[in-house]
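Below is one structure, written out as structure tokens; comments come after it.
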Amino acid sequence: MRNSPSQTAETRAQTGETRASAHSAWGVLVSEVMLQQTPVARVEPVWRAWIDRWPTPAALAAASPAQVIRAWGRLGYPRRALRLHAAAAAIVERHGGVVPDDIESLRALPGIGEYTAGAVIAFAFGRPALALDTNVRRVLARHDAGRARPPGSVTAGERERALEFLPTGVDGATWMAAIMELGALVCTARSPRCEVCPIAAGCRWRASGYPEAEKAARRQPRYTGSDRQARGAILAILRDCAGPVTGRRIEMSWPDAVQRDRALDSLVADGLVEPLPRGRYGLPASASPHG
DNA sequence: GAGCCGTGGCT
DNA sequence: TAGCCAAGGCT
């Protein structure tokens, strides 16, 4: 589960951080990308170090992929780090180094989808925008549609209904943050705390006796023994070594040769690993054409 | 639209 | 302990 960005933003503001922190669009953008699949507790220290080191898009754009991948650490899904790096370069090239404040330009950046673009508009620029993360969608599904869970992917109907609730004025961003927080802390997936929910009285799911979801949620594939774990093991070696490593060192990182080669090839294809002369491998010293 | 993409905490 | 869970973007 993730906490709401607004909560962490307020916390950071209270600790006295200023430029390039949560209040800057860059700080919000970085935090939202990091929070896409990673709990706030793990993001926080990495985000702080990241913003200290690269306080502007231009600063990040000037870094090497190797630096970026190492700074990402163990947040997971390291392709996000490369996308953030590429987004920084695009912000420099297309927008003079200034984070754009319109949905279309944001969505055109690598790694910025519908949710993150809306979150940046709302939480960085304070304008009403839909940021339909899973928590918000769950609150609306329950309260408005009377269902236990939202559909598998965001539907036009969800957007329309959410827009009907979204305040059009300066309260829009606050409302978005409030619903997000409600979903993260109260209207949770497994154990909703309806007794403390401020909108329980109008909740259709509650009124109809908490009907179960029609379809079972898709089960998550095993991680142990997966290609993802193999990729993680290989990348961990490269992250933790100061420079290139031998092919032998890669071989020791994962026992199954077929799976190891497949994982290594995919890491190279993703631009996360660079094959070097004499059978060695390293983190990329310069951006790959793959992004 | 289904499947892929890490990691770590919780049970 | 092994399995479950979180969950946005991209292909």
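If you're wondering where the values come from, they're calculated on a predicted model, not measured in any experiment. Below, chain A is the first sequence line, B the second, and so on; all start at residue 1.
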Check: Is it the case that Y115(A) and E32(A) place a side-chain donor and acceptor less than 3.5 Å from each other?
Finding: yes
Next item on the list: Just call it for E114(A): base, sugar-phosphate, or nothing, with non-hydrogen atoms closer than 4.0 Å on any strand.
Entry: sugar-phosphate
Next item on the list: May I ask you to say what G113(A) touches in the nucleic acid, namely base, sugar-phosphate or nothing, with a heavy-atom cut-off under 4.0 Å?
Entry: sugar-phosphate
Check: Across the strands shown, which category fits A41(A) at heavy-atom distances under 4.0 angstrom: base, sugar-phosphate, nothing?
Finding: nothing
Checklist line | Q37(A) (side chain) and dG8(C) (base): donor-acceptor pair under 3.5 Å | finding: yes
Checklist line | Residue R74(A), side-chain atoms from C-beta onward, closest of dA6(C), dG8(C), dG8(B) | finding: dG8(B)
Notebook entry, point to check: At under 4.0 Å between heavy atoms, what does S266(A) touch on the DNA or RNA strands: base, sugar-phosphate, or nothing?
Noted result: nothing
Next item on the list: For I112(A) and for R42(A), locate the closest nucleotide of DNA chain C by heavy-atom distance; then report the residue assigned to the nucleotide nearer the 5' terminus.
Entry: R42(A)
Check: Are a donor atom and an acceptor atom from the side chains of S266(A) and R231(A) found within less than 3.5 Å of each other?
Finding: yes
Next item on the list: For R262(A), report the nucleic acid contact type (base, sugar-phosphate, nothing); a contact means any heavy atom under 4.0 Å.
Entry: nothing
Next item on the list: Give one of base, sugar-phosphate or nothing for P221(A), where a contact means two heavy atoms less than 4.0 Å apart.
Entry: nothing
Check: So with a 6.0 Å cut-off around CZ of R204(A), is the heavy-atom count from everything else above 12?
Finding: no
Next item on the list: Determine which nucleotide pairs with dC10(C), using a 3.5 Å limit on both distances of a Watson-Crick or G-U wobble pair.
Entry: dG3(B)
